[in-house]
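Basis for what follows: all heavy atoms, side chains included, without hydrogens, waters or symmetry-related copies. The model shown is predicted, which means the values in this text are computed figures rather than measured ones.
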Amino acid sequence: MSKRRAPEQSGATDPRSGQVAVVGRPNVGKSTLVNALVGARISITSRRPQTTRHRIRGILTTPGAQIVFVDTPGFQTAHRSVLNERMNKAVRASLGGVDAILLVVEPSLRDEDRAVLALLPAKVPVVVAVNKVDRLADKTRLLPLLSQIAVLRDFAAIVPVSAEKRWQLEELTVELTRLMPVGPALYADDDLTDRDERFLAAEYIREKIFRLLGEELPYATTVVVDRFVHDGELRRIHATVLVDKASQRAIVLGARGERMKEIATAARRDMERLFGGKVFLEVWVRVKSGWAEDERTLAQLGY
């Protein structure tokens, strides 16, 4: 998907381009960080683990460089299923063929962070982004934490950032640009992601389910776009939400379908902002038992 935007300064002198795998445990803000770096919401976000299920490339083009961020699912240790095994496999696959790795952590180091670090190839340079430092009440804890991280590996850089506040993102970009090989851009200057509008539409609907249904349901749902048609300046989108049980369908729909209407309305507004045009969105809810354990269904859904 493309959208023209003003370029940023990268500090690079020679044209550089390369790929950076963005990894970390669930809920450290990987997708929020990628969105902030790219300048558009190409990855959906919520406070729930397992929000990101697919590898998504976000493309940052500056006058001196192009960095392709490969946003990955958080490495899953809970909610075991065939779906989660496929997501963990996607994380491992993303580490091959990249020029650098961006490890995202919060201002605290957990065993899960160390587990992700253990997966990283020894020969690929790693930059650590310590995200959400704006939420750190006691800022004196930051320096000891950075020292604690530094002894774990010979990192290319450790940069405290805030994706939400856009703090120190330029510094992070500079560090990553230094690791990119000299060479031509991999994508057009105005490309923001390698994913098309059909994929993004399904993701936006799923994001609203995660955000509006809280702990009630999200892991039992997925979204399929059945039809996506350009009708002049209007996009007509027909989608289906798959759930595992009939009782879950009732939760998604809500009384008199009001919950589903709220989900669809919020998703449609986000699509219109991203796509830059009007959207007609129709969403149905269907029961498909065991979809998250069915290899054929998961393959059809692109997992």
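- Minimum heavy-atom separation, Arg16 to Thr177: CD-O, 3.4 Å.
- Counting only N and O atoms by type, the side chains of Ser289 and Asp244 include no donor and acceptor under 3.5 Å apart.
- When hydrophobic clusters are built by joining Ile, Leu, Val, Met, Phe, Trp and Tyr residues whose side-chain heavy atoms come closer than 4.5 Å, directly or via intermediates, Phe275 is not grouped with Phe280.
- Listed for the Glu106 side chain is no donor-acceptor partner under 3.5 Å among the backbone atoms of Val28.
- Put simply, the side chain of Gln66 gets close to the backbone of Tyr187: a donor and an acceptor are under 3.5 Å apart.
- Between the side chain of Glu258 and the backbone N or O of Gly254 there is no donor-acceptor pair closer than 3.5 Å.
- The number of heavy-atom neighbours closer than 6.0 Å to CG of Asp154, taken from other residues, nucleotides and ligands shown, is 12 or below.
- Cation-pi geometry between Arg41 and Tyr204 is satisfied (NZ or CZ under 6.0 Å from the ring centre, within 45° of the ring normal).
- Using a 4.5 Å heavy-atom threshold, the side chains of Ile101 and Phe155 count as separate.
- Between Arg235 and Glu197 there is a salt bridge, with a side-chain nitrogen of the basic residue lying less than 4.0 Å from a carboxylate oxygen of the acidic one.
- Side chain of Ser162 to backbone of Lys132: no donor-acceptor contact under 3.5 angstrom is found.
- Counting heavy atoms of neighbouring residues, nucleotides and ligands inside a 6.0 Å radius, atom CZ of Arg114 exceeds 12 of them.
- The minimum heavy-atom distance linking Ile263 with Ile205 is given by the pair CG2-O, 4.0 Å.
- The cluster map of Ile, Leu, Val, Met, Phe, Trp and Tyr, joined by side-chain heavy atoms under 4.5 Å apart, puts Val287 and Val283 in the same cluster.
- Interatomic distance, CD1 of Ile67 versus CG of Asp99, reported as 10.0 Å (0.5 Å rounding).
- Arg198 forms no cation-pi arrangement with Phe228, by the criterion of a distance under 6.0 Å to the ring centre and an angle within 45° of the ring axis.
- Other residues, nucleotides and ligands contribute more than 12 heavy atoms inside 6.0 Å of the CG atom of Asp231.
- Linking Ile, Leu, Val, Met, Phe, Trp and Tyr whenever their side-chain heavy atoms come within less than 4.5 Å puts Val130 and Leu143 in one cluster.
- For Val285 against Arg249, the heavy-atom pair with the smallest separation is O-NE, 2.9 Å.
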### Task
List the steps, then state whether salt bridge (Lys or Arg N to Asp or Glu O under 4.0 Å) holds for Arg206 with Glu203.
CA-CA 5 Å; Arg206 194 167 61 81; Glu203 288 289 274; 3.0 Å; yes
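- Note that the NZ atom of Lys261 and the CG atom of Leu253 stand 11.5 Å from one another [nearest 0.5 Å].
- Look at Lys30 and Asp71 and you find no salt bridge, because none of the NZ, NE, NH1 or NH2 atoms lies under 4.0 Å from a carboxylate O.
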### Task
Please test Met271 against Leu274 for side-chain contact (heavy atoms from CB on, under 4.5 Å), starting from the C-alpha separation and ending with a verdict.
CA-CA 5 Å; Met271 291 178 206; Leu274 183 66; 5.9 Å; no
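- No donor-acceptor pair closer than 3.5 Å links the side chain of Asp191 to the backbone N or O of Thr193.
- Here the side chain of Asp270 pairs no donor or acceptor atom with the backbone of Ala267 at under 3.5 angstrom.
- Taken together through direct or relayed side-chain contacts under 4.5 Å among Ile, Leu, Val, Met, Phe, Trp and Tyr, Trp284 and Ile209 form parts of separate hydrophobic clusters.
- Atom NZ of Lys245 is surrounded by 12 or fewer heavy atoms from other residues, nucleotides or ligands within 6.0 Å.
- With Arg166 contributing its side chain and Ala36 its backbone, the two residues share a donor-acceptor pair below 3.5 Å.
- Donor-acceptor pairing under 3.5 Å is lacking for the side chains of Asp189 and Thr61.
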